[in-house]
Amino acid sequence: QVQVVESGGGLVQPGGSLRLSCAASGSIVSIDAMAWYRRAPGKQRELVAVITSGGNTNYADSVKGRFTISRDNAKNTVFLQMNSLKPEDTAVYYCKTVVAGTGNGYWGQGTQVTVSS
C-alpha cells in the first residue's frame, strides 16, 4: 500500500559529504512527518532528524550543525544532507513516513553509509 525507498548511501572519507533521499509512494493522501533514523551494528536504532509537513524540524544533538533535513511535499520526498561526516556516523540509515489521518508509520529498507579512510 505504501512504499518507502531510500537512496544515496555509500562510502566516503571523514570530512566528506553525502545526500540521502527518501521517496514515499502508494496509498498516500498527505504526510504528517518524515524522519531519518540510523542503526550501527550492535546498537539500537536512533532518531537522527525529523521534519513535519509544516516544516518543523528536530535533530539529534550528535548531528546538529552538520546534517540538514528538508522535504519536497509535492513529491513526498525527504532529504538528508550530511556534511563533515565522521566515522561514528557509519550506520544503516532508515526513512520513516507517517501518513496523515491514520498516523501509521512506514519504513524503508535502509541505505548503508560508511565513513572511513
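Looking at E6, its side chain never comes within 3.5 Å of a backbone N or O of T111 through a donor-acceptor pair. With Y37 contributing its side chain and W107 its backbone, the two residues share no donor-acceptor pair below 3.5 Å. The closest donor-acceptor contact from the side chain of R19 to the backbone of G8 lies at 3.5 Å or more, if one exists at all.
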List the atom pairs, donor and acceptor, that lie under 3.5 Å between side-chain atoms in residues 23-35 and the rest of the protein, sequence neighbours left out.
unit_1 : atom_1 : unit_2 : atom_2 : d
S27    : OG     : Q1     : OE1    : 2.9

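N58 CG to I51 CD1: the interatomic distance, rounded to the nearest 0.5 Å, is 11.0 Å. The line from CD of Q81 to CG of L20 is 9.0 Å long, rounded to the nearest 0.5 Å. Put simply, OG on S53 and CZ on R71 are 7.0 Å apart, with the number rounded to the nearest 0.5 Å. Put simply, CG on D72 and CZ on F79 are 6.0 Å apart, with the number rounded to the nearest 0.5 Å. With rounding to the nearest 0.5 angstrom, the CD atom of Q112 is 9.5 Å from the CG atom of L11. Note that the CG atom of N76 and the CD atom of Q3 stand 11.5 Å from one another [nearest 0.5 Å].
Summarising the geometry of F67 relative to V48, their closest heavy-atom pair is CD2-CG1, 3.8 Å, with the distance given to 0.1 Å. The two atoms that bring I69 and V78 nearest to each other are CG1-CG2, 3.7 Å, heavy atoms only. T90 approaches A40 most closely through the heavy-atom pair O-CB, 3.8 Å. The heavy-atom pair separating S84 from S17 by the smallest distance is N-OG, 4.4 Å. When all heavy atoms are compared, the tightest approach of L85 to V12 is CD1-CG2, 3.5 Å. The shortest non-hydrogen separation linking P14 to S117 is CD-N, 3.8 Å.
Linking Ile, Leu, Val, Met, Phe, Trp and Tyr residues whenever their side-chain heavy atoms come within less than 4.5 Å leaves W36 and V98 in two separate clusters. If you chain together hydrophobic residues whose side chains sit under 4.5 Å apart, V92 and Y106 never meet in one group.
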Run the numbers on M82 and D89 for side-chain contact (heavy atoms from CB on, under 4.5 Å), then give the verdict.
-> CA-CA 9 Å; M82 305 185 294; D89 295 318; over 6 Å; no
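For the salt bridge (Lys or Arg N to Asp or Glu O under 4.0 Å) test, residues two or more places apart in sequence or in another chain that qualify with K64 are D61.
Put simply, the side chain of E46 reaches to within 4.5 Å of the side chain of R38, judged on heavy atoms.
Geometric assessment of R39 against the ring of Y94 yields a negative cation-pi assignment under the 6.0 Å and 45° thresholds.
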